Colleague: 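First the structure, which I've put down as structure tokens, then a few questions once you've had a look.
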Amino acid sequence: MEKSILVIGACGQLGTALTKRLVERYGLSAVWPTDIRQAENYPFPVHTVNALNREELQEFVAEKNITEIYHLAAVLSANGEKRPIESWHINMGSLLNVLEVARTSAVEKVFFPSSIAVFNDSNQKDRTPEDSYLTPGTVYGLSKAAGENWAKYYFEKYGLDVRSIRYPGIIGYDALPGGGTTDYAVDIYHKAVKGENFDCFLEKDTALPMLFMDDATKAAIMLMEAPAENIKVRTSYNIGGFSLRPIDFYEELKKDFPNFEITYSADYRQQIANQWPNSLDDSTAKKDWGWEAEFDLAAMSKIMIEKLTAYYNHEVLNA
Ligand code: NAD
């Protein structure tokens with residue numbers, strides 16, 4: 001069957017970059033970006049589909065002969081803590097709709113991103129193992145841990161090919177982050193490039209696993225293209241990039257922006273960050289489907305600075 005890919009939550013931080021990469025790889029006619037909102041200057045037409053409305057989703061999947069779904073819609077960690085019950089409803093309701101619609105249609109594969117938020121401070125902090133005992137401390141983490149198990153359930157009970165990655169904090173330039181605990185790592189680049197100082201909501205030594213967007217989108221496509229027999233983990237794969245602290249970004253940015261200054265005003269997000277690992281053991285993803293991160297801090301920073309400089313120069317020119 002010809003590939004027809006539905007991206008749910010396509011206007012978000014990951015969705016914007018992933019949709020571009022899917023279009024580059026498979027062509028625009030094979031990719032259907034959908035969301036409940038429209039984003040400014042989005043490069044493709046976006047169809048309005050609410051993943052919480054199962055009939056609407058079912059109709060879209062049937063009409064476009066969808067064969068693969070990338071289900072990205074979710075309320076993220078920091079925003080989730082403001083409205084726990086509503087966030088649970090959105091994260092779980094949309095996932096269960098996607099799984100049910102996929103099971104009862106021609107959909108062959110589903111991608112579901114999980115997160116480092118499934119871990120807690122009771123887990124090993126460095127190179128946290130994939131099969132750790134999960135007792136997440138946020139509603140977002142609870143929904144991801146439950147979601148991973150639903151993915152496994154649909155695979156084992158119905159043979160639905162659901163694949164999942166536990167993403168670290170993702171850093172990219174295409175779209176602004178959507179209310180997570182690692183958002184500072186994107187904001188800091190915007191501030192430095194605009195010539196402003198940065199007030200960080202985490203303490204300077206808080207190490208968290210991070211990943212450049214190009215590696216995040218590459219990982220999703222690699223996992224989805226891997227032969228089914230290679231996929232041994234049906235909950236979710238750990239993938240690691242690098243472990244970074246706010247001070248590491250600051251020191252890297254100082255090289256290009258000597259006047260750049262940072263202050264630290266830890267808020268409620270510090271408690272969330274304290275629960276999460278410093279780094280992940282991603283040896284299973286490497287073994288099963290050849291995962292390898294390409295970008296380190298220096299390589300990522302070079303691209304972030306180039307892209308954001310071009311973006312803000314253009315904005316000034318057109319003001
Ligand atoms: P985001 O908040 O930037 O984007 C989510 C998108 O989903 C938004 O555009 C929103 O409008 C849309 N959406 C919300 N409710 C919807 C609904 N009912 N139907 C359709 N669309 C809806 O999030 P993101 O950072 O792009 O994250 C995408 C996925 O990756 C999420 O599942 C998130 O948990 C996961 N993830 C992200 C990160 C990260 O650092 N960005 C890290 C780990 C995991």
Side-chain angles (χ1 to χ4, degrees), residues 6-21 32-40 42 46-57 60-61 69-80 82-83 86-98 101 110-119 136 138-148 151 164-187 208-213 215-217 219-220 223 236-241 244 269 272-273 276-277 280:
L6 169 61
V7 184
I8 301 173
C11 293
Q13 190 207 5
L14 177 59
T16 305
L18 183 59
T19 303
K20 278 189 192 168
R21 193 154 187 160
W32 300 99
T34 66
D35 206 298
I36 47 170
R37 66 184 171 108
Q38 296 287 323
E40 229 177 284
Y42 198 80
V46 175
H47 297 257
T48 302
V49 177
N50 185 347
L52 290 174
N53 183 331
R54 191 178 300 174
E55 286 74 43
E56 197 175 299
L57 186 63
F60 194 85
V61 164
I69 301 178
Y70 287 75
H71 174 46
L72 310 178
V75 180
L76 305 195
S77 57
N79 279 349
K82 295 178 195 155
R83 304 183 307 274
E86 189 189 334
S87 303
W88 172 264
H89 171 68
I90 293 170
N91 293 1
M92 295 316 299
S94 63
L95 175 63
L96 292 175
N97 280 346
V98 167
V101 167
V110 175
F111 177 77
F112 165 66
S114 184
S115 157
I116 54 169
V118 296
F119 298 113
T138 58
V139 72
Y140 175 66
L142 289 172
S143 73
K144 291 297 183 185
E148 291 183 2
S164 176
I165 283 172
R166 283 179 189 145
Y167 278 123
I170 304 173
I171 300 166
Y173 51 81
D174 287 292
L176 289 172
T181 304
T182 53
D183 288 9
Y184 88 85
V186 177
D187 295 342
L208 287 171
M210 303 275 181
L211 190 67
F212 185 43
M213 183 61 86
D215 276 331
T217 55
L223 177 66
S236 194
Y237 280 98
N238 276 4
I239 64 166
L244 291 172
R269 288 167 280 195
I272 301 178
W276 291 356
L280 301 183

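These numbers were taken from a predicted model, which means no experiment stands behind them. Nothing fancy with the numbering, it's 1 onward along the sequence. Atoms within each ligand, like the ligands themselves, are counted from 1 in listed order.
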Colleague: Under 4.0 Å, heavy-atom basis, I'd like to know which part of Val75 is in contact with ligand 1: side chain, backbone, both or neither.
Modeller: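 For Val75, there is no contact with ligand 1 at all, from either part.
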
Colleague: Side chains of Asn238 and Phe119: does their closest heavy-atom pair fall under 4.5 Å?
Modeller: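 Result yes, sub-4.5 Å side-chain heavy-atom pair found.
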
Colleague: Could you report the tightest heavy-atom contact between Gly172 and Gln13, atom names first, then the distance?
Modeller: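 Distance-wise, the nearest heavy atoms are N-NE2, 3.8 Å.
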
Colleague: From atom 19 (N) of ligand 1, work out which of Gly9, Ala74, Ala51 has a heavy atom at the shortest distance.
Modeller: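 The nearest heavy atom belongs to Ala51.
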
Colleague: For Glu56 and Val49, work out which heavy atoms get closest and say how close.
Modeller: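 That closest heavy-atom pairing would be OE2-CA, 3.2 Å.
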
Colleague: Atom 4 (O) of ligand 1: which protein heavy atom is closest, and how many Å away?
Modeller: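 Looking only at protein heavy atoms, the one closest to atom 4 (O) of ligand 1 is Gly12 CA, 3.2 Å.
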
Colleague: Using a strict 4.0 Å cut-off to heavy atoms of Cys11, name the atoms of ligand 1 that fall inside it.
Modeller: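 Reading through ligand 1 atom by atom, the close ones are 9 (O).
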
Colleague: Is the shortest N/O to N/O distance between Leu14 and ligand 1 below 3.5 Å?
Modeller: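 There is such a contact, yes.
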
Colleague: Starting from atom 3 (O) of ligand 1, which protein heavy atom do you reach first, and at what distance in Å?
Modeller: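 Checked against all protein heavy atoms, atom 3 (O) of ligand 1 sits closest to Gln13 N, 2.9 Å.
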
Colleague: Considering heavy atoms of the protein only, find what lies nearest to atom 36 (N) of ligand 1 and give residue, atom and distance to 0.1 Å.
Modeller: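 Its nearest protein heavy-atom neighbour is Tyr140 OH, 3.6 Å.
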
Colleague: Is the closest heavy atom of Thr34 to ligand 1 under 4.0 Å?
Modeller: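 Thr34 does not count as a contact of ligand 1 under the 4.0 Å cut-off.
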
Colleague: Is the closest heavy atom of Lys144 to ligand 1 under 4.0 Å?
Modeller: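 The answer is yes: ligand 1 sits under 4.0 Å from a heavy atom of Lys144.
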
Colleague: So is Gly169 touching ligand 1 or not, going by heavy atoms under 4.0 Å?
Modeller: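 Distance cut 4.0 Å: Gly169 passes for ligand 1.
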
Colleague: Would you say Phe112 contacts ligand 1, with heavy atoms under 4.0 Å as the rule?
Modeller: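 It does not, in that no heavy atom of Phe112 comes within the 4.0 Å cut-off of ligand 1.
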
Colleague: NZ of Lys144 to CZ of Arg166: how many Å apart, nearest 0.5 Å?
Modeller: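 Lys144 atom NZ to Arg166 atom CZ measures 12.0 Å (nearest 0.5 Å).
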
Colleague: Would you tell me which option among Gly80, Pro113, Ser114, Pro177 has the nearest heavy-atom contact to atom 44 (C) of ligand 1?
Modeller: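 Answer by nearest heavy atom: Ser114.
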
Colleague: Please give me the minimum heavy-atom distance between His71 and Ala51, naming the atom from each residue.
Modeller: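 Of all heavy-atom pairs spanning His71 and Ala51, the closest is CE1-CB, 4.4 Å.
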
Colleague: For atom 10 (C) of ligand 1, which protein heavy atom lies nearest, and how many Å away is it?
Modeller: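 Looking at atom 10 (C) of ligand 1, the protein heavy atom closest to it is Asp35 OD1, 3.4 Å.
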
Colleague: Testing Val98, Asn50, Ile36, Asn97 one by one against Ile8 for a side chain to side chain contact (heavy atoms under 4.5 Å, CB included), which residue passes?
Modeller: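 Exactly one option meets the side chain to side chain contact (heavy atoms under 4.5 Å, CB included) with Ile8, and it is Val98.
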
Colleague: For residues Ser164 and Ser114, is any side-chain donor paired with an opposing acceptor at under 3.5 Å?
Modeller: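 Side chains of Ser164 and Ser114: no pair found under 3.5 Å.
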
Colleague: How many angstroms lie between atom CG of Leu52 and atom CG of Leu95, to the nearest 0.5 angstrom?
Modeller: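 Rounded to the nearest 0.5 Å, the CG-CG separation comes to 11.0 Å.
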
Colleague: Counting only heavy atoms closer than 4.0 Å, does ligand 1 sit against the backbone of Ala175, its side chain, both, or neither?
Modeller: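 For Ala175, no heavy atom sits under 4.0 Å from ligand 1.
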
Colleague: List every atom of ligand 1 that sits less than 4.0 Å from any heavy atom of Val49, numbering the atoms from 1 in the order shown and giving each element.
Modeller: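 Numbered from 1, ligand 1 contributes 19 (N), 20 (C).
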
Colleague: Say whether Ile8, considering both its backbone and side-chain N or O atoms, lies within less than 3.5 Å of an N or O atom on ligand 1.
Modeller: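 No; every N/O pair is 3.5 Å or more apart.
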
Colleague: Does an N or O anywhere in Leu72 fall below 3.5 Å from an N or O of ligand 1?
Modeller: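 Looking only at distances, the answer is yes, because the N/O contact criterion of under 3.5 Å is met.
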
Colleague: How many angstroms lie between CE in Met210 and CD1 in Ile170, if you round to the nearest 0.5 Å?
Modeller: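 Spacing of CE (Met210) from CD1 (Ile170) equals 11.0 Å.
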
Colleague: Identify the two heavy atoms, one from Gln38 and one from Val46, that lie closest to each other, and give their separation to 0.1 Å.
Modeller: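 So the two residues come closest at NE2-O, 3.0 Å.
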
Colleague: Which heavy atom of Leu18 sits nearest a heavy atom of Tyr70, and at what distance?
Modeller: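 For Leu18 and Tyr70, the tightest heavy-atom pair comes out as CD2-CD2, 3.6 Å.
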
Colleague: Quick one: look up the protein heavy atom nearest atom 18 (N) of ligand 1 and list residue, atom name and how far away it is.
Modeller: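 So the nearest neighbour among protein heavy atoms is Asn50 OD1, 2.8 Å.
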
Colleague: Quick one: does Pro168 get within less than 4.0 Å of ligand 1, heavy atoms only?
Modeller: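 Pro168 counts as a contact of ligand 1 under the 4.0 Å cut-off.
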
Colleague: Within the structure, does Ser115 bring an N/O atom to less than 3.5 angstrom of an N/O atom in ligand 1?
Modeller: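 In fact, backbone or side chain, Ser115 has no N or O that close.
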
Colleague: With Glu86 as reference, evaluate Lys82, Arg83, His89 under the side chain to side chain donor-acceptor pair (under 3.5 Å) test and give the passing residue.
Modeller: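 Per the side chain to side chain donor-acceptor pair (under 3.5 Å) rule, the option paired with Glu86 is Arg83, out of Lys82, Arg83, His89.
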
Colleague: For atom 2 (O) of ligand 1, what's the nearest protein heavy-atom neighbour? Residue, atom name and distance, please.
Modeller: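 It is Gly178 CA, 3.6 Å.
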
Colleague: Are any of the N/O atoms in Ala73 less than 3.5 Å from those in ligand 1?
Modeller: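 By distance alone, the answer is no.
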
Colleague: Please report the shortest heavy-atom distance between Thr16 and Ala175, naming the atom on each side.
Modeller: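 Answer, listing the atom of Thr16 first, then Ala175: OG1-CB, 3.7 Å.
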
Colleague: Are Tyr42 and Thr19 packed together at the side-chain level, in the sense that at least one heavy-atom pair is separated by less than 4.5 angstrom?
Modeller: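 Yes, at least one pair of side-chain atoms sits under 4.5 Å.
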
Colleague: For atom 38 (C) of ligand 1, what's the nearest protein heavy-atom neighbour? Residue, atom name and distance, please.
Modeller: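 Heavy-atom neighbour on the protein nearest atom 38 (C) of ligand 1: Ile170 CD1, 3.8 Å.
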
Colleague: Side-chain donor-acceptor pair under 3.5 Å between Asn91 and Ser143, yes or no?
Modeller: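 Result is yes, a qualifying pair exists.
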
Colleague: Tell me, which protein residue and heavy-atom name are nearest atom 43 (C) of ligand 1, and how many Å apart are they?
Modeller: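 The closest one turns out to be Tyr167 CB, 3.3 Å.
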
Colleague: Gly179 near ligand 1, heavy-atom distance under 4.0 Å?
Modeller: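 For ligand 1, residue contact (heavy atoms, under 4.0 Å) with Gly179 is absent.
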
